[in-house]
Amino acid sequence: MNPLQRYAPLVDDEEAFFAACERPLPSVVRVNTIKTAVARAREALDDEGVAYEPTDWHPGILKLEDSSPGTNWPYFHGWLHGQEEVSALPAIALDPQPGERVWDTCAAPGSKTTQIAAMMDDEGVLVGNDNNLGRLSALRHNAERLGVTNLVVSNQDARNFSMKPFGERTPEKDGSFEQFDRVLVDAPCSCEGTCRKNPDVLDEWTMNHVKSVAGIQKGILRRAVQVTKAGGTVVYSTCTFAPEENEAVLDFVLDREDCEVVEWDVPDGFETAPGITEWEDDEYDPSVTKARRVYPHHNDTGGFFTAKLEVTA
Amino acid sequence: MSDDTAPDENWGQQFDRLPPTTDDRVVEGRPSREEVIDWWDERFGVDPAVFDGYTFWEKGAGKIWAFNGEVVDPIEVEGLGMRILRTRQRHWKPSTNAVQRFCGDATKNVVELSPSEAQAFVDGHDQQLDRWEGDWGYLTAAHEIAGELEPLGVGLYLHGELRSTVPKGRQEDLVKLD
């Protein structure tokens with residue numbers, strides 16, 4: 001079975017949805033403002049004869065007309081990073097500020113992490129964590145190429161992330177802390193939203209995997225809320241359409257941790273749909289409608305889900 | 001585990017903060033923050049104010065990392081900011097990534113390469129460069145892109161030859177774009 005069929009009842013235009021999922025995805029790069037200005041990066045691409053179109057909603061996110069332009073100086077200099085357009089959303093919802101303490105729970109290979117670093121002006125404490133050592137080396141490589149210097153790389157299971165390395169038990173020491181200002185949970189998921197880039201995800205899809213990965217997602221999101229200070233922000237994102245991995249995860253954590261779903265400012269010109277409150281035999285907390293779903297036919301991107309939570313105690 | 005280690009040892013699994021000055025030094029051979037900042041100023045003319053918000057750390061003998069924030073000392077994590085310098089050897093060696101990050105406004109020991117020289121340098125090739133009349137040792141190799149000079153990486157200049165130290169992984173970055 002094509003798992004996308006499950007989601008037909010959720011979309012506004014089934015035909016456009018299935019057609020978009022069949023098309024390959026445009027190549028997109030993000031300008032890395034840690035190392036250069038958007039205007040200079042674009043000038044360098046012009047000089048190299050690399051054709052691109054800025055996205056409607058972000059001057060530093062560029063769609064390339066040719067997916068493999070070959071030799072590319074701006075890329076070598078770390079001025080550009082290949083990042084799917086829709087994956088720029090969670091950092092925008094997170095809205096990190098310079099000097100803050102931020103945790104990216106599932107950071108590798110680092111597209112969103114390095115975007116967060118740039119939004120922090122590369123100042124403060126950004127903890128990029130991943131439980132997979134092999135993927136961590138990709139995170140390190142990307143962060144160094146992009147010139148990130150405010151990143152702490154950590155290798156823990158996010159579900160029981162320990163604050164001990166950061167001085168939780170020695171609050172008298174300089175630099176120690178026990179909570180973050182903001183946390184991004186860009187969770188492992190069943191990834192149907194990436195089918196335009198990697199159609200295999202549809203063949204490999206199973207309901208068992210959805211169920212097991214939802215358990216992991218719940219564990220990570222709970223821990224994220226626990227280590228965020230009151231008034232702080234947690235963003236939960238996935239690249240799946242499955243309500244079991246999206247609204248159901250929010251609903252589960254809303255019942256158990258001190259947090260609420262809040263609206264976030266979707267960029268002008270970027271079309272989204274609200275989170276859903278009913279799926280099969282389940283009902284979810286009405287506030288999950290504040291989360292945003294992105295379908296591939298809306299903006300010619302991959303599929304995505306992003307929710308912003310405020311921690312209340 | 002770190003508790004078993006005496007404070008005067010250099011312990012390879014954790015990051016230890018550099019002492020402010022050599023007078024504050026407890027661990028034998030560990031460079032001070034002041035020495036590291038002075039080195040970038042003396043070698044490349046990097047304004048010491050660039051590093052005002054930075055803390056400096058050693059993990060393993062001589063590997064110095066720069067972090068643009070504050071964390072507890074020592075700290076046991078996989079990475080902390082950027083590897084910028086290899087010390088505890090006669091000639092301290094800067095990293096490619098650090099030169100790209102901090103030498104954009106360098107005023108000393110910057111060698112400008114032509115387009116073909118820049119390409120060869122990034123491909124990892126050594127090349128004759130008889131026109132250089134400055135210091136021997138580690139140089140910032142740079143080229144012009146979008147109207148301004150931009151650092152490519154670290155070259156080692158000896159006997160009229162510029163040796164490329166661009167790591168293999170960064171050589172691939174020139175062609176990879178997806």
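Within every chain, numbering begins at 1; the chains are lettered A, B, ... in the order of the sequence lines, protein sequences first and strands thereafter. Computed from a predicted model, the values in this text were never measured in an experiment.
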Any side-chain heavy atom of [X] within less than 4.5 Å of one from [Y]?
X        : Y        : value
A:His77  : B:Leu152 : yes
A:Thr149 : B:Phe102 : yes
B:Gln100 : A:Arg145 : no

Contacting moiety of [X], where chain B heavy atoms sit under 4.5 Å:
X        : result
A:Leu146 : neither
A:Val125 : both
A:Asp122 : both
A:Leu126 : neither
A:Thr170 : side chain

Any donor-acceptor N/O pair, A:Arg40 side chain to B:Gly147 backbone, under 3.5 Å: no

Any donor-acceptor N/O pair, A:Lys35 side chain to B:Arg101 backbone, under 3.5 Å: no

When A:Ser176, A:Gly124, A:Ala44 are compared by non-hydrogen pairs under 4.5 Å with chain B, the top option: A:Gly124

Among the listed options A:Glu84, A:Glu123, A:Arg42, A:Gln156, the residue most often paired with chain B at heavy-atom distances under 4.5 Å: A:Glu123

Positive for side chain to side chain contact (heavy atoms under 4.5 Å, CB included) with B:Glu78, one of A:Leu139, A:Val152, A:Val153, A:Asn129: A:Val153

Crowding at CZ, B:Arg131 (>12 non-hydrogen neighbours, <6.0 Å): yes

More than 12 heavy atoms of other groups within 6.0 Å of A:Glu172 CD: yes

Calculate, to the nearest 0.5 Å, the distance between atoms [atom1] and [atom2] belonging to [X] and [Y] respectively.
X        : Y        : atom1 : atom2 : value
A:Trp79  : B:Glu150 : CH2   : CD    : 4.5 Å
B:Asn97  : A:Arg140 : CG    : CZ    : 12.0 Å
B:Asp73  : A:Asp174 : CG    : CG    : 9.5 Å
A:Arg101 : B:Glu70  : CZ    : CD    : 9.0 Å
B:Leu80  : A:Ser154 : CG    : OG    : 11.5 Å

Full working for side-chain contact (heavy atoms from CB on, under 4.5 Å) between B:Arg170 and A:Glu144: CA-CA 10 Å; B:Arg170 294 302 313 272; A:Glu144 293 208 321; over 6 Å; no

Partner chain A: residue of B:Ala66, B:Gly79, B:Gly69 with the largest heavy-atom pair count (under 4.5 Å): B:Gly79

B:Phe67 to A:Leu151 - nearest heavy-atom pair and separation: CE1-N, 3.8 Å

